[in-house]
Number of protein chains: 2
Amino acid sequence: MPRPRQALLTRDRIVTTALALIDADGLGALSTRRLATALGVQGPSLYNHFATKGAILDAVADSVTATVDVSAFGRCDWYEALRRWARSYRAALAAHPNIVPYLAQGPGRRPAALAMADAVYGGLVGAGWPPARATHIGAALRYFVAGSALGSFARGFVEDPALYTGHPHLSQAHRLAGHQHSVDEGAFTLGLDALLHGLHAEYERTVAPLERAAAPE
Amino acid sequence: MPRPRQALLTRDRIVTTALALIDADGLGALSTRRLATALGVQGPSLYNHFATKGAILDAVADSVTATVDVSAFGRCDWYEALRRWARSYRAALAAHPNIVPYLAQGPGRRPAALAMADAVYGGLVGAGWPPARATHIGAALRYFVAGSALGSFARGFVEDPALYTGHPHLSQAHRLAGHQHSVDEGAFTLGLDALLHGLHAEYERTVAPLERAAAPE
DNA sequence: GACGAAAACTTACGCCGCTAGTTTGAGGGG
DNA sequence: CCCCTCAAACTAGCGGCGTAAGTTTTCGTC
């Protein structure tokens, strides 16, 4: 087939289809040939639109990151903004868990990831956190969110009671997989609340006094 | 070459060499052929000792998990034990960051990972945490540790100042990669302290009263 | 209307994980 | 001591992978 009258592929169509395949079959199951077949095309045709498979994955990852809501920074105080961002971030990743290992490598050159980092860091610095501390906070929350989305904690335990007979406290572990949602959600909520609680305490101890001294009403 | 007088391969030698290759060149660069070459052997010979490449990776992952120290449970109170475990866990993963994406999928059928889960869960329940809460705490800390080891936060930012010109707050982001250790370490310490602080507060609020009622001196 | 860029194609290279079948030394039973 | 079985290496090869190279035809532009 030569060049068709109507282009068969667009970057958008490739990204959307790739994400669907990754969601359905996992990151490892995405090959350029399978992706092309799903698009009704031969493998190498993709290279007319993306330089490498990695560039496709970057675009897929960024399309997921782009759905994260950072609008709470500037609208709420830093504390509430962090909470809303973290929940939105986690929701975005949990909707596409198979891409998380790729996405969690860092923002790299992906525009949506950079925009998110900018909003979070800017929001924290704007609230009075020292720059180095703001970096640490952003990193710590990314650690927690990425870790929570990387793989279900509950599904990490095989559903085979015999496996746990040698471990006195794990006799119920085979049931975890069946309660995946409540376990993962409960752990995330607990951890997020605890993290924010601790950060709040540090803010009151180190930042708030300075803020009050600078603008004493 | 037929069967040699002295076996060329052992499971231990395969695991050790595989870990070295993964450390040096990344998870993606480990192929059965490369591994076999490093061992002075042809590719398929590995299959005399392991059923699949995944089984090799399981063994490598478990050898890393086995270095995590959980002895603080039972020796310290739950709070200090959690801290020591988390630090040891992170140190083990950070020493071999390239295997983390594989390892973080959960314990699966890996014995050292199951033993670690058993110790942590048992320690928390023993301290009075309700079972469901103990599960959440273990999960939340695993989220955080795995996320922190999955990829350096600092190295996630490309060292190219031009990339950040469009983002007002990221003007210094290209310097992050140069301070990888202090950034990642600082973020981990901050997050861990905050998490534990929050958990301690919840313990005092929900568990400690019951403990005092049950054993009033 | 000529022409270069664009978007599909085919072919091919060197990797990959893994299977099948072969060879031959090692170790145990008569 | 001989033989039999098993174990641990081998070679050959399958189908799939990412992607480079070159071909064909159409589109958009001057």
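Proteins come first, then strands; the chains are lettered A, B, ... in the order of their sequence lines, and each starts at number 1. Source: prediction; values computed, not measured.
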Task: Spacing between B:Asn48 atom CG and D:dA8 atom C1', to the nearest angstrom - done: 5 Å
Cut-off 3.5 Å, no hydrogens considered: what does the side-chain donor-acceptor table look like for residues 60-68 of chain A, sequence neighbours left out?
| unit_1 | atom_1 | unit_2 | atom_2 | d |
| --- | --- | --- | --- | --- |
| A:Asp62 | OD1 | A:Ala112 | N | 3.2 |
| A:Asp62 | OD1 | A:Ala113 | N | 3.2 |
| A:Asp62 | OD2 | A:Ala112 | N | 2.8 |
| A:Ser63 | OG | A:Val60 | O | 2.7 |
| A:Thr65 | OG1 | A:Ala61 | O | 3.1 |
| A:Thr67 | OG1 | A:Val64 | O | 2.7 |

TODO: Run the salt-bridge test on B:Arg133 and B:Glu202 with the 4.0 Å N-O cut-off and return the result as yes or no.
DONE: yes
Open item on the list: Check this for me, if you would: do B:Glu159 and B:Arg175 make a salt bridge, where the nitrogen-to-carboxylate-oxygen distance has to be below 4.0 angstrom?
Closed with: no
TODO: List for me each residue that meets ring pair (Phe, Tyr, Trp, His ring centres under 6.0 Å) alongside A:Phe157, sequence neighbours excluded, and say none if there are none.
DONE: A:Phe153
Task: Heavy-atom closest pair, residues B:Ala104 and A:Leu150 - done: CB-CD2, 3.2 Å
Task: ring pair (Phe, Tyr, Trp, His ring centres under 6.0 Å) pairs, two or more places apart, involving residues 9-60 of chain A - done: none
- [ ] Rounded to the nearest angstrom, tell me the gap between atom CG in B:Leu35 and atom C1' in D:dA9.
- [x] 15 Å
Open item on the list: Tell me which residues in residues 12-27 of chain B lie within less than 4.0 Å of DNA chain C, going by non-hydrogen atoms.
Closed with: none
Extract from the structure each pairing of a protein N or O with an N or O of nucleotides 17-21 of chain C at less than 3.5 Å, listing the distance.
| unit_1 | atom_1 | unit_2 | atom_2 | d |
| --- | --- | --- | --- | --- |
| C:dG17 | OP1 | B:Thr32 | N | 3.2 |
| C:dG17 | OP1 | B:Lys53 | NZ | 2.9 |
| C:dG17 | OP2 | B:Thr32 | N | 2.6 |
| C:dG17 | OP2 | B:Thr32 | OG1 | 2.7 |
| C:dG17 | N7 | B:Arg33 | NH1 | 2.4 |
| C:dG17 | O6 | B:Arg33 | NH2 | 2.8 |
| C:dC18 | OP2 | B:Tyr47 | OH | 2.5 |
| C:dC18 | OP2 | B:Lys53 | N | 2.7 |
| C:dC18 | O5' | B:Tyr47 | OH | 3.3 |

Taking only distance into account, with no hydrogens and no angle test, what donor-acceptor pairs under 3.5 Å do side-chain atoms of residues 138-146 of chain A form with protein atoms, sequence neighbours excluded?
| unit_1 | atom_1 | unit_2 | atom_2 | d |
| --- | --- | --- | --- | --- |
| A:Arg142 | NH2 | B:Gly151 | O | 3.4 |
| A:Tyr143 | OH | B:Asp184 | OD1 | 2.8 |

Open item on the list: Do A:Thr10 and A:Asp12 pair up side chain to side chain, a donor and an acceptor below 3.5 Å, judged on atom types alone?
Closed with: no
Open item on the list: Whole angstroms only, please: what is the CD-P distance between B:Gln42 and D:dG13?
Closed with: 15 Å
